[in-house]
Student: 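Here's a structure for you.
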Amino acid sequence: RVIFMEKLKKYFKNKDNLIAIGLIFYYFLIMEGASNLLSLLIKAFFSRDTIIKYNTTFSIIVNITIYILLGALIIPLSLKYLKNDYEITSKNTYTVARSISIGILIMYIVSFASSVLSQILTSKSSANQDGINEMTSSTWGFISLFLVIGILGPIVEELIFRRALFQVFKNNTISIIISSLSFGLLHMSNQSGTVLDFFAILIPYVTAGIVFSSLYVICNKNILVPIACHITNNAVSLLIVAFSSGLIH
């Protein structure tokens with residue numbers, strides 16, 4: 001018990017551990033608290049008909065606000081790690097670029113396989129993806145969400161689900177499991193359907209989390225590798241949506 005208490009004291013004396021814990025709490029506080037607060041404010045200041053008419057616009061504004069709030073604190077408090085990994089990357093450009101390229105290839109192979117499995121198990125679609133499709137139906141919506149979901153979102157999420165969570169839990173195996181599951185569950189808000197539908201739709205998100213987490217560990221915890229892969233994944237997905245909807249010709 002004495003040894004455990006000593007380890008616990010040492011753990012909480014580490015400034016990096018405390019910052020990581022604080023950022024994780026802040027992330028989930030903003031994701032849940034701010035989104036609910038903004039929804040309440042919209043309902044308080046606008047009529048039901050107005051909300052229905054401009055529902056997509058309100059959704060875009062809420063998403064932009066949330067990620068700006070997240071990025072405004074998480075990125076500055078993570079600059080030390082970003083700078084350190086950038087210096088490592090600049091000295092090993094070829095190695096890191098190769099890791100990113102291989103990571104992107106693996107990501108798409110795994111994404112395709114998990115999506116096929118998901119579609120076999122359920123005919124339901126992802127509420128998260130449906131929401132993105134709706135919000136990117138206009139030019140301004142696409143541009144704003146491309147900047148937020150395509151670039152800012154992946155940076156924030158990787159700093160939380162990879163760098164911060166791995167800092168907190170230390171053990172790589174435990175970190176990969178917790179990181180991947182929490183990353184997947186985050187994308188399941190407002191999802192309807194049966195339990196089977198829920199888990200079937202969860203599969204692609206969890207497998208993506210596993211890929212990003214594994215890349216992070218394999219690349220000596222260089223956060224720029226999963227960030228680059230995550231940005232590529234989201235940016236390409238948004239472009240595909242834009243092309244399929246006719247927004248981009």
Student: Would you say N92's side chain and T95's backbone share a donor-acceptor pair under 3.5 angstrom?
Tutor: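 Here the side-chain-to-backbone pair does not exist.
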
Student: Do you reckon M31 sits in the same ILVMFWY cluster as F25, going by side-chain contacts under 4.5 Å, direct or chained?
Tutor: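 They do share one cluster, since a chain of ILVMFWY contacts under 4.5 Å joins M31 to F25.
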
Student: Examine the side chains of S39 and N36 and answer whether a donor and an acceptor come within less than 3.5 Å of each other.
Tutor: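 No pair is found: no donor N or O on one side chain lies under 3.5 Å from an acceptor on the other.
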
Student: With sequence neighbours left out, write down each residue that passes side chain to side chain donor-acceptor pair (under 3.5 Å) with S179, or none if nothing qualifies.
Tutor: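 S179 satisfies side chain to side chain donor-acceptor pair (under 3.5 Å) with R162, S213 only.
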
Student: Let me see the working for L77 and L159 under side-chain contact (heavy atoms from CB on, under 4.5 Å), right down to the final yes or no.
Tutor: CA-CA 10 Å; L77 287 178; L159 288 173; over 6 Å; no

Student: Would you say the side chains of N17 and K10 form a donor-acceptor pair under 3.5 Å?
Tutor: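 Per modelled atom types, N17 and K10 side chains form no pair under 3.5 Å.
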
Student: Look at the aromatic rings of F212 and H230 and report parallel, tilted or perpendicular, splitting at 30° and 60°.
Tutor: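 Rings of F212 and H230: parallel, under 30°.
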
Student: What's the separation between atom CG in L145 and atom CD1 in I64, rounded to the nearest 0.5 Å?
Tutor: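 Between atom CG of L145 and atom CD1 of I64 there are 6.0 Å.
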
Student: Side chains of I231 and E158: does their closest heavy-atom pair fall under 4.5 Å?
Tutor: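 Heavy-atom side-chain distance check fails, nothing below 4.5 Å.
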
Student: We want to know whether S111 and N233 form a side-chain donor-acceptor pair, criterion being a heavy-atom distance below 3.5 angstrom.
Tutor: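 Not at all, the side chains of S111 and N233 share no donor-acceptor pair under 3.5 Å.
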
Student: Considering residues, nucleotides and ligands other than Q129, do more than 12 of their heavy atoms fall under 6.0 Å from its CD?
Tutor: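 Enclosed.
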
Student: Check whether F112 and L239 end up in the same hydrophobic cluster, where Ile, Leu, Val, Met, Phe, Trp and Tyr are linked by side-chain heavy atoms less than 4.5 Å apart.
Tutor: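 F112 and L239: separate clusters.
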
Student: Tell me, do V206 and F183 make a side-chain contact under 4.5 Å, heavy atoms counted?
Tutor: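 Contact flag for V206/F183 side chains = no.
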
Student: N14 and Q167: which non-hydrogen atoms are nearest, and at how many Å?
Tutor: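 Answer, listing the atom of N14 first, then Q167: OD1-NE2, 4.4 Å.
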
Student: With a 4.5 Å heavy-atom cut-off, do Y54 and I42 have their side chains touching?
Tutor: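 They are not in side-chain contact.
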
Student: Does NZ in K170 sit with more than 12 non-hydrogen atoms of other residues, nucleotides or ligands closer than 6.0 Å?
Tutor: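 It does: K170 NZ has more than 12 such atoms within range.
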
Student: Does a donor on one side chain sit under 3.5 Å from an acceptor on the other, for S118 and S115?
Tutor: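 Distance-only check fails for S118 and S115.
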
Student: So how far is it from C219 SG to I100 CD1, rounded to the nearest 0.5 Å?
Tutor: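 Answer for the SG-CD1 pair, C219 versus I100, is 8.0 Å.
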
Student: So, taking the atom named CZ in F45 and the one named OG1 in T50, what distance separates them when rounded to the nearest 0.5 Å?
Tutor: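 So the gap between those two atoms works out to 14.0 Å.
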
Student: Provide the closest heavy-atom pair for L215 versus S99 in the form atom of the first, atom of the second, distance.
Tutor: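 Looking at all heavy atoms of both residues, the shortest contact is CD2-O, 4.4 Å.
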
Student: Hey, are N128 and Y205 close enough side-chain-wise for a donor-acceptor pair under 3.5 Å?
Tutor: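 Yes - a donor-acceptor pair under 3.5 Å links their side chains.
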
Student: Provide the closest heavy-atom pair for I60 versus S144 in the form atom of the first, atom of the second, distance.
Tutor: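 For I60 and S144, the tightest heavy-atom pair comes out as CG2-OG, 3.6 Å.
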
Student: Checking Y27 against F161 for the ring-ring contact (aromatic ring centres under 6.0 Å, His included) test, could you report, in this order, the C-alpha distance in whole Å, the side-chain angles of both residues, the deciding distance, and whether it holds?
Tutor: CA-CA 10 Å; Y27 178 84; F161 289 100; 5.4 Å; yes

Student: Could you tell me if the side chain of I75 sits less than 4.5 Å from the side chain of L70, heavy atoms only?
Tutor: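 No, every pair of side-chain atoms sits at 4.5 Å or beyond.
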
Student: Take atom OH of Y86 as the centre, draw a 6.0 Å sphere, and report whether it contains more than 12 heavy atoms from other residues, nucleotides or ligands.
Tutor: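 Result for OH/Y86: open.
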
Student: Are F169 and I177 grouped together when hydrophobic residues (ILVMFWY) are joined by side-chain heavy atoms under 4.5 angstrom apart?
Tutor: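 Per the 4.5 Å side-chain linkage, F169 and I177 are not co-clustered.
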
Student: Counting distance only, does the side-chain N/O of D197 pair as donor-acceptor with the main-chain N or O of T194 below 3.5 Å?
Tutor: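 Yes; at least one donor-acceptor contact below 3.5 Å.
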
Student: Taking a hydrophobic cluster as the set of Ile, Leu, Val, Met, Phe, Trp and Tyr residues connected by side-chain heavy atoms closer than 4.5 Å, whether directly or through intermediates, do I151 and I143 fall within one such cluster?
Tutor: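 Per the 4.5 Å side-chain linkage, I151 and I143 are co-clustered.
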
Student: Please report the shortest heavy-atom distance between L186 and E157, naming the atom on each side.
Tutor: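 Scanning both residues, the minimum pair turns out to be CD2-OE2, 4.1 Å.
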
Student: Might you confirm whether atom CZ of F199 has over 12 heavy atoms from other residues, nucleotides or ligands at distances under 6.0 Å?
Tutor: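 Atom CZ in F199 is not packed in, count stays at 12 or less.
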
Student: Side chains of I3 and K7, heavy atoms from C-beta outward: is any pair under 4.5 Å?
Tutor: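 Yes; the side chains approach each other to less than 4.5 Å.
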
Student: Please tell me whether N222 and Y216 have a donor and an acceptor in their side chains that are separated by less than 3.5 angstrom.
Tutor: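 The answer is no; no qualifying pair exists.
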
Student: Side chains of N220 and I88, heavy atoms from C-beta outward: is any pair under 4.5 Å?
Tutor: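 The answer is no, as the side chains (C-beta and beyond) never meet within the 4.5 Å cut-off.
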
Student: To the nearest 0.5 Å, what is the distance between OG (S35) and CG (L69)?
Tutor: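 So the gap between those two atoms works out to 11.0 Å.
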
Student: Under 4.5 Å between side-chain heavy atoms, hopping through other hydrophobics if needed: is there a path connecting L202 to I176?
Tutor: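 They do not share one cluster, since no chain of ILVMFWY contacts under 4.5 Å joins L202 to I176.
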
Student: Looking just at side-chain N and O atoms, do E6 and Y11 make a donor-acceptor pair shorter than 3.5 Å?
Tutor: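 E6 vs Y11: no donor-acceptor pair found between side chains.
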
Student: Looking at A228 and T232, what are the two nearest heavy atoms and their distance?
Tutor: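 Heavy atoms only, the tightest pair is O-OG1, 2.8 Å.
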
Student: Apart from L121 itself, what residues make up its hydrophobic cluster when side-chain heavy atoms of I, L, V, M, F, W and Y under 4.5 Å apart count as a link, directly or indirectly?
Tutor: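 Via sub-4.5 Å side-chain contacts, L121 links to L117, I203.
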
Student: So, D85 and K221, do they make that salt bridge, N to O below 4.0 Å?
Tutor: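 No salt bridge links D85 with K221.
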
Student: Compare every heavy atom of T207 with every heavy atom of V110, then report the nearest pair and how far apart it is.
Tutor: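 Closest heavy-atom pair between V110 and T207: CG1-CB, 3.8 Å.
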
Student: In Å and rounded to the nearest 0.5 Å, what is the CG to CG distance from L23 to L165?
Tutor: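 One finds 10.5 Å between CG of L23 and CG of L165.
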
Student: Could you tell me the separation between the CG atom of L147 and the CD1 atom of I149, rounded to the nearest 0.5 Å?
Tutor: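 With rounding to 0.5 Å, CG (L147) is 10.5 Å from CD1 (I149).
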
Student: Heavy-atom count around L79 CG within 6.0 Å, excluding the residue itself: above 12?
Tutor: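 For L79, atom CG is crowded (more than 12 foreign heavy atoms under 6.0 Å).
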
Student: Can V148 and I68 be said to form a side-chain contact (heavy atoms from CB on, under 4.5 Å), step by step?
Tutor: CA-CA 8 Å; V148 173; I68 287 176; 5.8 Å; no

Student: Determine, stepwise, if the pair Y81 / I223 fulfils side-chain contact (heavy atoms from CB on, under 4.5 Å).
Tutor: CA-CA 8 Å; Y81 314 105; I223 195 61; 5.6 Å; no

Student: Indicate the ring-plane relationship of F146 and F142, choosing parallel, tilted or perpendicular according to the 30° and 60° boundaries.
Tutor: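 F146 and F142: tilted rings.
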
Student: Per the salt bridge (Lys or Arg N to Asp or Glu O under 4.0 Å) rule, what does the pair list look like for residues 119-141, sequence neighbours excluded?
Tutor: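 Every pair satisfying salt bridge (Lys or Arg N to Asp or Glu O under 4.0 Å) with a residue in residues 119-141: there are none.
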
